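Letters A, B, ... mirror the listed sequences (proteins, then strands); counts begin at 1. What you are looking at is a predicted structure, and each value in this text was computed from that prediction instead of being measured.
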Amino acid sequence: MVGELLWIWRRMIENGIEPNLFTYNFMMDVLVNSMCIESAERVFDVMEKGIVRPDVVTYNIMIKGYCKSGKTRDAKGKLREMEMKRVGPDKITYLTLIQACYSEEDIASCMSLFNEMVEKRLEIPSHAYSLVISGLVKEGKCYEGFAIFDCMVKNGCKANVAIHTALIDALAKSGNGEEAMKFFERMKDEGCEPDDVTYGVIVNCLCKTGKLDLALEYLKFGHEKNIRVNAVVYSSIIDGLGKGGRVDEAEKLYEEMLDKGCTPDSYCYNTLIDAFTKCGKIDEAVTLFKRMEDVGCDQTVYTYTILINGLFKEHKTDKALEMWDMMIDKGITPTPASFRALSIGLCLSGKVARACKVLDELASMGVIPETAFEDMIHVLCKAGHVKEACELADGIVDRDHETPGRVRTVLIDALRKAGNVDLALKLMQSQIGIQYDRWGSIKTRDKFRNLFES
DNA sequence: TTAGGGTTAG
């Protein structure tokens, strides 16, 4: 398409036909949609130097191009350029930019762009409200989200199903389950028809607040009313059932899901695997893990974390380590939570050194789980392996991972939380771990493990 | 001629 267009374009120029604004913009849009951003930039430059100057549409297309290629900064620069060249940005300019900032989770920029729209008295499309409200509530700013919602209603803009859904979800997540249900009723009263995503949010809210049977009723209702029941609805209920110890029902629901032709996603598999590991059905969990691979469903860092936790719970240390290695081999980046699962399991099975080795390997990969040592020290103290905790603390300082003062604080806290108040006090009163000279550098350092000798 | 949403897990 682009090649043919360029050919025609060249013929036009050769025959002395000067493209008009419409042709230029059309050309720019084709280039941008084909991700030929640099070519679009060149056309833009030609226009700027020629007779047919870029108008608001040309700018909007260029901004779209920058946003599509992740160059949000350039896109914002183009907006300022428009203002300098006195080409007034319109609602499409702002909406394109707000969308890009929203995708990058830069809600502060969404807000300031939105405010500019308000100041310029531009017509605000419902989608702009949608993005700003969703962005605010995602950041936990429920109150601010509702303020924009009220302002939207005042301006005569009707809230659509997405805005209502985002607000219901925000209420549910901030612990106002009842308010969420009230808002759901209000939405229906106002003639806004809930869709499958709204039901997903409602069902999830019910599951999280322990109203599982009500969630199951909604599922039944959905089937009766022929509402599309999506994988999220199933995952939420399967998770709720699993966490409530109703694993057989969770499994049945998974089968129902398959019967109804709803494809389980990785969330769904993970929740069911989690349910299996929690009730000791580790073999079933591993079977499901293998099935994910067979059906081409991505095994994520969550899948591995759940299984590593489950395998350690069943004292299958080698299998858990195998799972960890498999994850690394597949190029899946471990998260602090996944390392926590591994390190806790290893520490509790007496393999503290192995956990430290994995931690060093992670550091060489550039992955540093921030609370790793703290977690390990806490878990060792909690299990009564205080001597190992102290040895680990020494190891941490020896490897220059942390300062003696910081490790000392962590150890005191861990001892206190584990109920070992005597040792915590002893450590507080002693000089172990921290001996500084008068310039503030470490003079000599006593080992934490000496806590047992004095 | 250009823009377009919200939900789920360790």
Side-chain angles (χ1 to χ4, degrees), chain A residues 20-30 32-33 40 54-65 67-68 75 89-100 102-103 124-135 137-138 145 159-170 172-173 180 187 192 194-205 207-208 215 229-240 242-243 264-275 277-278 300-310 327 334-342 344:
Chain A
N20 62 20
L21 187 58
F22 184 92
T23 358
Y24 267 120
N25 286 345
F26 179 73
M27 182 67 185
M28 286 276 296
D29 197 45
V30 170
V32 160
N33 288 338
D55 73 339
V56 58
V57 177
T58 327
Y59 271 100
N60 288 349
I61 295 169
M62 198 62 244
I63 287 173
K64 174 176 76 170
C67 292
K68 272 172 78 133
D90 63 2
K91 59 178 179 181
I92 297 178
T93 322
Y94 281 102
L95 194 55
T96 311
L97 279 163
I98 292 176
Q99 178 71 63
Y102 179 83
S103 307
I124 300 172
S126 68
H127 187 54
Y129 281 114
S130 215
L131 291 168
V132 169
I133 293 173
S134 305
V137 298
K138 247 189 199 168
N160 58 24
V161 61
I163 295 177
H164 279 112
T165 307
L167 287 170
I168 292 170
D169 186 50
K173 289 223 173 79
M187 165 190 173
C192 185
D195 63 8
D196 62 323
V197 181
T198 321
Y199 281 105
V201 168
I202 294 292
V203 164
N204 185 47
C205 169
C207 291
K208 290 280 183 328
V229 177
N230 63 30
V232 177
V233 172
Y234 279 111
S235 298
S236 298
I237 306 182
I238 289 173
D239 190 48
K243 292 208 165 59
D265 56 10
S266 72
Y267 280 84
C268 190
Y269 278 107
N270 293 345
T271 49
L272 194 55
I273 291 176
D274 190 46
T277 61
K278 293 249 159 59
T300 66
V301 65
Y302 283 85
T303 322
Y304 285 97
T305 309
I306 293 164
L307 274 167
I308 289 169
N309 265 321
M327 179 176 87
T335 56
S338 63
F339 179 73
R340 198 177 306 132
L342 183 83
I344 290 176

S.K.: Using a 4.0 Å heavy-atom cut-off, does Lys138(A) contact any base of the nucleic acid, only the sugar-phosphate backbone, or nothing at all?
M.R.: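 If one applies the 4.0 Å heavy-atom cut-off, Lys138(A) turns out to touch the sugar-phosphate alone, with no base involved.
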S.K.: Of the candidate nucleotides dA9(B), dG4(B), dG6(B), which contains the atom at the shortest distance from the side chain of Ala166(A)?
M.R.: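 Per side-chain heavy atoms of Ala166(A), the pick is dG6(B).
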S.K.: If you only use heavy atoms from C-beta on, which nucleotide in dT2(B), dA9(B), dG10(B) is closest to the side chain of Asp29(A)?
M.R.: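 Closest nucleotide among those given: dT2(B).
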S.K.: For the atom pair CD (Gln99(A)) and CD1 (Ile92(A)), what is the distance rounded to the nearest 0.5 Å?
M.R.: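 Atom-to-atom, Gln99(A):CD and Ile92(A):CD1 are 13.5 Å apart.
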S.K.: Quick check for you: among dT2(B), dA3(B), dG6(B), whose closest atom lies nearest to any side-chain atom of Ala162(A)?
M.R.: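 The nucleotide sitting nearest to the side chain is dG6(B).
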S.K.: Quick one: Gln99(A) CD to dA3(B) P, roughly how many Å, whole number?
M.R.: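 Result: 11 Å.
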S.K.: What's the closest nucleotide to the side chain of Ser266(A) if the choices are dT2(B), dA9(B), dT1(B)?
M.R.: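 Selected nucleotide: dA9(B).
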S.K.: If you check every side-chain atom of Ile92(A), which of dA9(B), dT2(B), dG5(B) has the closest atom?
M.R.: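 Comparing dA9(B), dT2(B), dG5(B) against the side chain of Ile92(A), the answer is dT2(B).
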S.K.: Using side chain to side chain contact (heavy atoms under 4.5 Å, CB included), reason through Thr303(A) and Ile273(A) one step at a time and then give a plain yes or no.
M.R.: CA-CA 8 Å; Thr303(A) 322; Ile273(A) 291 176; 4.0 Å; yes
S.K.: Report yes if a donor N or O on one partner sits less than 3.5 Å from an acceptor N or O on the other, where the partners are the side chain of Asn160(A) and the base of dG6(B); otherwise report no.
M.R.: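 Looking at the base of dG6(B), it does not pair with any donor or acceptor on the side chain of Asn160(A) (distance under 3.5 Å).
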S.K.: Report yes if a side-chain nitrogen or oxygen of Lys64(A) is closer than 4.0 Å to either non-bridging phosphate oxygen (OP1 or OP2) of dT1(B); otherwise report no.
M.R.: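 Indeed not, no polar side-chain atom of Lys64(A) lies that close.
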S.K.: Between the base of dG6(B) and the side chain of Thr165(A), is there any donor-acceptor pair under 3.5 Å?
M.R.: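 Looking at the base of dG6(B), it does pair with a donor or acceptor on the side chain of Thr165(A) (distance under 3.5 Å).
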S.K.: Between dT1(B), dA9(B), dG10(B), which nucleotide gets closest to the side-chain atoms of Thr305(A)?
M.R.: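 So the side chain of Thr305(A) is nearest to dG10(B).
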S.K.: If we ignore hydrogens and angles and just use 3.5 Å, is the side chain of Asp274(A) paired with the main-chain N or O of Thr277(A) as donor and acceptor?
M.R.: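 Judged by distance alone, no pair lies under 3.5 Å.
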S.K.: Would you classify Tyr304(A) as touching base, sugar-phosphate or nothing, given that sugar-phosphate means primed atoms plus P, OP1 and OP2, and contacts are heavy atoms under 4.0 Å?
M.R.: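 No contact.
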S.K.: From dG10(B), dA9(B), dT7(B), pick the nucleotide closest to the side chain of Asn309(A)?
M.R.: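 Among the listed nucleotides, the one closest to the side chain of Asn309(A) is dG10(B).
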S.K.: Starting the side chain at C-beta, find the nucleotide from dT1(B), dA3(B), dT2(B) nearest to Asp90(A).
M.R.: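 When the side chain of Asp90(A) is considered, dT2(B) is the closest of dT1(B), dA3(B), dT2(B).
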S.K.: Looking only at side-chain N and O atoms, does Lys173(A) come under 4.0 Å of OP1 or OP2 in dT8(B)?
M.R.: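 Yes, within the criterion.
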S.K.: To the nearest 0.5 Å, how far apart are CD1 in Ile124(A) and OH in Tyr94(A)?
M.R.: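 Those atoms lie 11.0 Å apart.
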S.K.: Does Thr335(A) make a side-chain donor-acceptor contact with the base of dG10(B), cut-off 3.5 Å?
M.R.: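 Looking at the base of dG10(B), it does pair with a donor or acceptor on the side chain of Thr335(A) (distance under 3.5 Å).
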S.K.: For Lys243(A) and dG10(B), is the shortest distance between a side-chain N/O and OP1 or OP2 below 4.0 Å?
M.R.: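 Affirmative; the distance criterion is met.
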S.K.: Need one value for Val301(A): base, sugar-phosphate or nothing, where a base atom within 4.0 Å counts as base even if backbone is also close, heavy atoms only.
M.R.: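 Base, at least one base atom sits under 4.0 Å.
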S.K.: Over how many whole Å does the gap from Ile163(A) atom CD1 to dG6(B) atom P extend?
M.R.: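 Spelled out: CD1 on Ile163(A) to P on dG6(B) is 11 Å.
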S.K.: With sugar-phosphate meaning primed atoms plus P, OP1 and OP2, does Val161(A) contact a base, only sugar-phosphate, or nothing at under 4.0 Å between heavy atoms?
M.R.: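 Touches a base.
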S.K.: Looking only at side-chain atoms of Val57(A), point me to the closest of dT2(B), dT7(B), dG5(B).
M.R.: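 Given the options dT2(B), dT7(B), dG5(B), the side chain of Val57(A) is closest to dT2(B).
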S.K.: Can you figure out which of dT7(B), dT2(B), dT8(B) approaches the side chain of Asn230(A) most closely?
M.R.: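 Nearest to the side-chain atoms of Asn230(A), counting from C-beta on, is dT7(B).
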S.K.: Nearest 0.5 angstrom please: Ile61(A) CD1 to Asn33(A) CG, how far?
M.R.: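 It is 8.5 Å, given to the nearest 0.5 Å.
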S.K.: Taking atom CE of Met28(A) and atom OG1 of Thr58(A), what is their separation to the nearest 0.5 Å?
M.R.: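 Going from the CE atom of Met28(A) to the OG1 atom of Thr58(A) covers 6.5 Å.
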S.K.: Just the rounded figure in Å: distance from C1' of dG5(B) to CD1 of Ile133(A).
M.R.: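 Ile133(A) atom CD1 is separated from dG5(B) atom C1' by 11 Å.
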S.K.: Across the strands shown, which category fits Thr198(A) at heavy-atom distances under 4.0 angstrom: base, sugar-phosphate, nothing?
M.R.: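 It contacts base atoms.
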